Amino acid sequence: MSAATPPTAELHVHVEGTLEPEMVFALARRNGIALPDSSVEELRARYRFRDLQSFLDVYYANMVVLRTAEDFRDLAAAYLDRCAERGVRHAEIFFDPQAHLSRGVPMEAVIGGLGAALDDSEVSASLILCFLRDEPAESAAEALRLAEPFLDRVVGVGLDSAEVGHPPSKFAEVFRRAHELGLRAVAHAGEEGPPDYVREALDVLGVQRIDHGIRALEDPELVARLRRERIPLTVCPLSNVRLGAFPELAAHTLPRLLAEDLLVTVNSDDPAYFGGYVDDNYAAVRRELGLGTEQLRELAANSFRAAFLDEPRRAGFLAEVEAWQR
Ligand code: HPA
Ligand code: ZN
């Protein structure tokens, strides 16, 4: 465990967002796929994003190299190896099956490959199946139907991709079905979209956590509700800066969210694209926002409070956080 960052749970990471440029090239070679860029440096030079959509364009394009169960296993194994090195004790990992089904990759290869990496890892981990909100609701329902034989690997469903113009209510039916199947539910809301999307995700989709949620601060009544109901927010500081929500990290509202006594956590989102893994996000908020040891401890404790863990395991992890740097 790194001394600089507390033991933590990562609750907001897209496994496709852990695809490092080096692995893009290695998998392209293995699968005989021609890439538009001729080098890792050329690809990385295109990682300058104005907003969510300009990031998503590169994120989806790079996925062409992910074809087989082995590819998905190697991707998740590399992420989990990093977790083990960097003090992440538990991870709830998003994946975007529709982005693979649409390219002819079967659900079994996606969940089977990711699941094999989870089985082999010393880090506790589970999967969250995300629906693409800029695709039709019927496509989400089809993805969930195809995943049904493999749900022993999956702890919950989520909602991601381009937010504005795609309110949570569009997915009421498929989230109802997910609840029937005994799955947990989370949703990206209030990243670029308005505070009303956060409210809809809670009221219409019945989610137990909000991913991002930073725009909730524009609505004091919503802030009061998030505090009262102890709704976790999975905040991703480096992502928010790279996608233009804040001009620089020093302007991030994480300290305000903490001061409002909200159940805030720190996460990496898409670490291969946004300049750092979860420990880098902790280091950055310590450095640029002046957060002290006790605030970092609170963030890490929140990550285990917000995780989909059974109570004995949650208590064990919380004891580790409490003992950190004592
Ligand atoms: N927001 C929405 N969708 C995403 C993101 C994100 O930050 N990363 C991958 N898919
Ligand atoms: Zn995200």
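Throughout, residue positions are numbered sequentially from 1 according to the sequence presented. Just so it is clear, the model here is predicted, and its values are computed rather than measured. Order of appearance sets the numbers: ligands from 1, and atoms from 1 within every ligand.
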Of the protein's non-hydrogen atoms, which lies at the shortest distance from atom 5 (C) of ligand 1, and what is that distance? H14 NE2, 3.6 Å
Which atoms of ligand 1 are found less than 4.0 Å from any heavy atom of E191? 1 (N), 2 (C), 6 (C), 7 (O)
Nitrogen or oxygen of S161 less than 3.5 angstrom from that of ligand 1: yes
Assign the ring pair F246 / H252 to parallel, tilted or perpendicular, where the plane angle (0 to 90°) is split at 30° and 60°. tilted
Are F72 and F95 an aromatic pair, judged by ring center distance below 6.0 Å? no
So, does D211 sit close enough to ligand 1 that a heavy atom of it is under 4.0 Å from the ligand? no
Got I231 and I210 here, is their nearest side-chain heavy-atom distance under 4.5 Å? yes
By number and element, which atoms of ligand 1 are closer than 4.0 Å to a non-hydrogen atom of L56? 4 (C), 10 (N)
About how many Å separate CG of L144 and CG of L181, when rounded to the nearest 0.5 Å? 5.5 Å
Quick check on the hydrophobic clustering: are L129 and L205 connected, directly or via other members, by side-chain heavy-atom contacts under 4.5 Å? yes
What do you reckon, are the aromatic ring centroids of H188 and H14 less than 6.0 Å apart? yes
Using a 4.0 Å cutoff against the non-hydrogen atoms of L52, which atoms of ligand 1 qualify? 1 (N), 2 (C), 6 (C)
Taking a hydrophobic cluster as the set of Ile, Leu, Val, Met, Phe, Trp and Tyr residues connected by side-chain heavy atoms closer than 4.5 Å, whether directly or through intermediates, do L11 and V123 fall within one such cluster? no
In terms of atom number and element, which parts of ligand 1 are under 4.0 angstrom from non-hydrogen atoms of H212? 7 (O)
Quick one: do R30 and D74 make a salt bridge, cutoff under 4.0 Å? yes
Is ligand 1 under 4.0 Å from a heavy atom in the side chain of F94, in the backbone, in both, or in neither? neither
Under 4.5 Å between side-chain heavy atoms, hopping through other hydrophobics if needed: is there a path connecting L159 to L132? yes
Distance-only polar pair, side chains of T234 and D211, donor-acceptor under 3.5 Å: yes
Atom indices of ligand 1, in the order listed, that fall short of 4.0 Å to a heavy atom of F55: 8 (N), 9 (C)
Under 3.5 Å, N or O to N or O, is S239 touching ligand 1 that way? no
Nearby protein N/O/S atoms (those under 2.8 Å) for the Zn ion (ligand 2), with water ignored: H12 NE2, H14 NE2, H188 NE2, D269 OD1
Is there any N or O on H12 that sits under 3.5 Å from an N or O of ligand 1? no
Among all protein heavy atoms, pick the one closest to atom 8 (N) of ligand 1 and tell me residue, atom and distance. D270 OD2, 2.7 Å
Please list the nearest protein heavy atom to atom 7 (O) of ligand 1 with its residue and the distance rounded to 0.1 Å. D269 OD2, 2.7 Å
Just checking, R209 and F308: is the charged tip under 6.0 Å from the six-membered ring centre and within 45° of the axis? yes
Going by the angle between their ring planes, with limits at 30° and 60°, are F55 and Y273 parallel, tilted or perpendicular? perpendicular
